[in-house]
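The block underneath contains the structure these notes are about, expressed in structure tokens.
In what follows, every chain begins at residue 1, and chains take the letters A, B, ... in the order their sequences are listed.
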Number of protein chains: 2
Amino acid sequence: MGERKIRNMEEFAEVSGISRPTVSKYFHDPSSVRKSTRGKIEAALEEYAYRPNFYAVNQNRKLTKTIGVVVPNLADPFFAEIARNIERRCMEAGYAPTLFGSHGEPELEVEILDNLRLLKPAGVLIAPLGRVTDRKALEAFCRDVPTVLFDSNIEGLGDFFVGSDNYSFVDQTVTYLCRSGQPPCFFEMKNPANPNANKRRLAYIDKMAELGHEPQFVQIEGEGWGFEEIGRQGGLWAIENRILPCDTVLCSNDRLAIGFLSACYEKGLRVGSGAGCALRVASHDDHPYSRFTCPSLTTAAHDYDSVSGQSIEALMRAIDSEARGASREEVLYPAKLIMRASA
Amino acid sequence: MGERKIRNMEEFAEVSGISRPTVSKYFHDPSSVRKSTRGKIEAALEEYAYRPNFYAVNQNRKLTKTIGVVVPNLADPFFAEIARNIERRCMEAGYAPTLFGSHGEPELEVEILDNLRLLKPAGVLIAPLGRVTDRKALEAFCRDVPTVLFDSNIEGLGDFFVGSDNYSFVDQTVTYLCRSGQPPCFFEMKNPANPNANKRRLAYIDKMAELGHEPQFVQIEGEGWGFEEIGRQGGLWAIENRILPCDTVLCSNDRLAIGFLSACYEKGLRVGSGAGCALRVASHDDHPYSRFTCPSLTTAAHDYDSVSGQSIEALMRAIDSEARGASREEVLYPAKLIMRASA
DNA sequence: TCCAAAAGTTTACGCGAGTAAAATTTTAGT
DNA sequence: ACTAAAATTTTACTCGCGTAAACTTTTGGA
């Protein structure tokens with residue numbers, strides 16, 4: 001095999017005994033050529049392993065077969081997991097996903113969008129940074145490219161939004177905690193970087209009111225995306241200064257909770273619902289590590305599969321439909337309560 | 001701004017009052033044109049925000065400005081962290097990094113290499129899957145593209161290998177553990193997926209012999225990359241069946257340790273070096289979460305900065321040097337012991 | 001001020017493929 | 001076996017840019 005080096009489609013057409021336009025057609029859609037032709041081409045393909053030049057193929061196309069996937073932070077297992085899921089589905093749908101992480105930096109997010117434009121992607125899935133996202137830039141981008149937003153919603157932008165229903169998350173944890181013990185106080189960052197935080201905060205206030213309890217907050221300092229460390233420092237601070245208003249703590253998200261649990265352990269506070277426990281702790285997200293915390297973390301889980309599946313599906317629709325922007329839809333998935341040892 | 005839509009370099013050259021070849025030169029290297037010319041082009045750039053067609057630019061180039069980064073698993077915070085670091089350095093060096101995760105699947109790893117070839121990357125940084133990597137495929141790839149291997153070495157492949165010195169890792173933890181208490185037993189997978197595991201195992205045997213101790217192993221079942229769960233199950237099994245031969249456990253890596261600590265907690269085994277503790281646990285990698293385990297994990301840290309920095313540097317040299325493949329170098333970085341509460 | 005060097009302009013061709021149109025061959029149905 | 005339909009071949013043009021060659025203009029130093 002490989003007696004001769006194939007430089008382009010011309011040469012490959014020659015060795016396969018088929019004309020170049022037909023070969024081109026084959027690569028565009030193998031089923032569009034006669035079976036006998038397909039056979040010849042595939043035989044030659046075995047022998048020479050030729051593949052069309054990626055750049056030449058895409059130069060004239062208005063749209064390519066790539067799909068951009070942008071998340072705030074690839075080092076966050078939550079996003080890594082969802083990116084992985086989406087990546088796989090893209091490939092199954094015949095597209096080539098390209099991953100980008102904006103590392104929490106709005107400028108980088110804009111740069112990624114600019115670069116993405118050059119790739120002429122068929123579509124883009126983006127979990128925006130949220131509050132700090134450059135709305136104008138994203139808006140302009142969404143006009144040009146079929147875009148599905150996920151995880152964090154930015155009002156009115158994109159063809160579709162797929163996310164989790166923050167109200168459902170908080171509803172389930174608060175309901176459970178109130179039923180099984182003291183109503184929880186809410187442990188969160190004073191100035192959260194992630195956009196879901198505020199929605200959870202409001203849902204907490206609502207739900208507590210509904211159940212006839214006074215909402216109580218433990219708001220901690222900290223900037224950026226290092227949530228575990230922020231949660232740990234905040235936890236140490238809250239414990240040392242006896243700030244915690246009750247024996248049940250509901251963290252805004254699992255990463256914060258991971259840090260908080262670490263602080264509890266360090267301070268000798270036994271967490272759990274059993275006898276001899278000083279504190280109950282619960283949270284939201286079902287972070288991949290939440291089952292390995294000590295104790296394992298009771299949390300409200302995202303429906304990872306539905307979110308990523310629906311995102312792709314919505315993107316495919318946006319790509320296919322010619323009249324984009326006509327209607328914008330939103331889908332929210334409810335949480336699933338995962339009861340573990342921490343509460 | 002943006003009175004007229006610029007479709008190509010021809011049109012952009014027109015509105016900027018400069019000839020197309022000169023504009024082309026500018027985009028190749030802004031400093032290669034006269035200052036006054038640069039001024040005109042940049043003025044037009046402000047007004048029209050034109051950027052050359054990515055595909056047309058790269059079609060004729062033998063090499064592009066992209067650098068491929070391939071890791072076994074983007075959902076593993078260790079690799080995510082290193083990928084992030086490398087990504088940043090690539091951008092600083094004027095290259096466009098593209099991330100790929102092979103998800104622990106050898107077939108996917110090969111497919112990624114095949115796709116990468118089409119991108120005509122200037123170079124590639126890859127942390128191979130290891131044992132299961134398709135050696136022939138990687139070898140062929142390395143012949144065509146400047147490649148630096150990192151994290152896991154595959155004998156003789158690539159222009160350079162940058163990794164951590166597994167011996168140093170184990171040396172430090174074992175030395176410390178022996179000095180401060182009972183000699184450790186070694187907790188590991190029977191059939192580890194990651195290639196560094198065997199080196200650490202051998203280093204453990206060596207070091208124990210050197211210190212005059214008998215090596216003792218706790219080998220657990222499990223397949224794949226879900227190390228935390230494997231460590232947890234293995235831990236539960238070892239504890240329930242009283243397999244642990246001593247009170248000091250050295251885990252092959254942090255992810256395994258995270259699971260093991262979780263098992264200890266669940267079984268009520270107090271971990272740490274203080275009074276009242278049943279077990280000491282230490283490990284290797286300084287995983288981003290190891291400071292948040294309960295108790296926080298004593299571990300041997302990778303020199304993330306040096307590994308990623310050196311990888312890029314080596315790749316740049318490989319890219320620049322015309323005579324590739326002449327010599328293959330390896331660099332190993334020693335570990336840094338991070339003492340925390342678990343041992 | 002003059003002149004050589006440096007920079008820019010014109011012109012023209014190449015890259016590797018997509019694709020349209022017309023001519024030709026193959027296929028399938030009767 | 002004949003014919004209409006389908007598939008393929010031929011030919012030729014396009015896309016957006018890199019780049020080489022020959023020529024013209026600008027620049028800076030003596």
Rounded to the Å, how far apart are B/Leu118 CG and C/dG16 P?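 Roughly 14 Å, once rounded to whole Å.
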In whole Å, what is the span from the CD atom of A/Glu10 to the C1' atom of D/dT9?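 Nearest whole value for this atom pair: 12 Å.
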Which nucleotide, [options], lies nearest any side-chain atom of [X]?
X	options	answer
A/Ala56	C/dA17, C/dT19, C/dT11	C/dA17
B/Pro52	D/dA12, D/dT11, D/dC17	D/dC17
B/Asn8	D/dA12, D/dC17, C/dG16	D/dC17

CA sep, side-chain torsions, deciding dist, call: A/Tyr333, A/Tyr304, ring-ring contact (aromatic ring centres under 6.0 Å, His included): CA-CA 9 Å; A/Tyr333 285 94; A/Tyr304 282 80; over 10 Å; no
When you measure from the side chain of A/Lys120 to the backbone of A/Arg61, do you find a donor-acceptor pair of N or O atoms at a distance under 3.5 Å?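 Flag set: sc A/Lys120 to bb A/Arg61 pair under 3.5 Å.
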Quick one: does A/Arg20's side chain have a donor or acceptor within less than 3.5 Å of a partner on A/Met9's backbone?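 Absent.
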Is a side-chain donor-acceptor pair under 3.5 Å present for A/Asn53 with A/Arg7?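 No donor-acceptor contact under 3.5 Å links the two side chains.
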Side chains of A/Tyr50 and A/Glu11: do they bring a donor and an acceptor to under 3.5 Å?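 A/Glu11 and A/Tyr50 do not have a side-chain donor-acceptor pair below 3.5 Å.
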Thinking salt bridges, do A/Arg84 and A/Glu81 make one under a 4.0 Å N-O criterion?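 Yes, charged N to carboxylate O under 4.0 Å.
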Are any of the side-chain nitrogens in B/Asp320 or B/Arg317 under 4.0 Å away from the carboxylate oxygens of its partner?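 So B/Asp320 does not pair with B/Arg317 through a salt bridge.
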Is the phosphate of D/dC17 approached by B/Ser24 (side-chain N or O, under 4.0 Å from OP1 or OP2)?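 The answer is no; no side-chain N or O of B/Ser24 sits under 4.0 Å from OP1 or OP2.
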Is A/Tyr50 near enough to C/dA17 that one of its side-chain N or O atoms lies under 4.0 angstrom from OP1 or OP2?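 Checking A/Tyr50 against C/dA17: at least one side-chain N or O falls below 4.0 Å of OP1 or OP2.
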Looking at DNA chain C, which of residues 59-67 of chain B put a heavy atom within less than 4.0 Å of it?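 Result for residues 59-67 of chain B: B/Gln59, B/Asn60, sorted by number.
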I'd like to know if B/Arg20 reaches the base of D/dT19 with its side chain such that a donor and an acceptor end up less than 3.5 angstrom apart.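 Indeed, a donor on one side and an acceptor on the other fall under 3.5 Å apart.
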Taking side chain as C-beta onward, heavy atoms only, is A/Thr133 less than 4.5 Å from A/Leu157?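 No - every pair of side-chain heavy atoms lies 4.5 Å or more apart.
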Strictly under 3.5 Å: I want the nitrogen or oxygen pairs between protein and nucleotides 5-8 of chain C, one per line.
from	atom 1	to	atom 2	distance (Å)
C/dA7	O3'	B/Arg34	NE	3.4
C/dG8	OP1	B/Arg34	N	2.9
C/dG8	OP1	B/Thr37	OG1	2.4

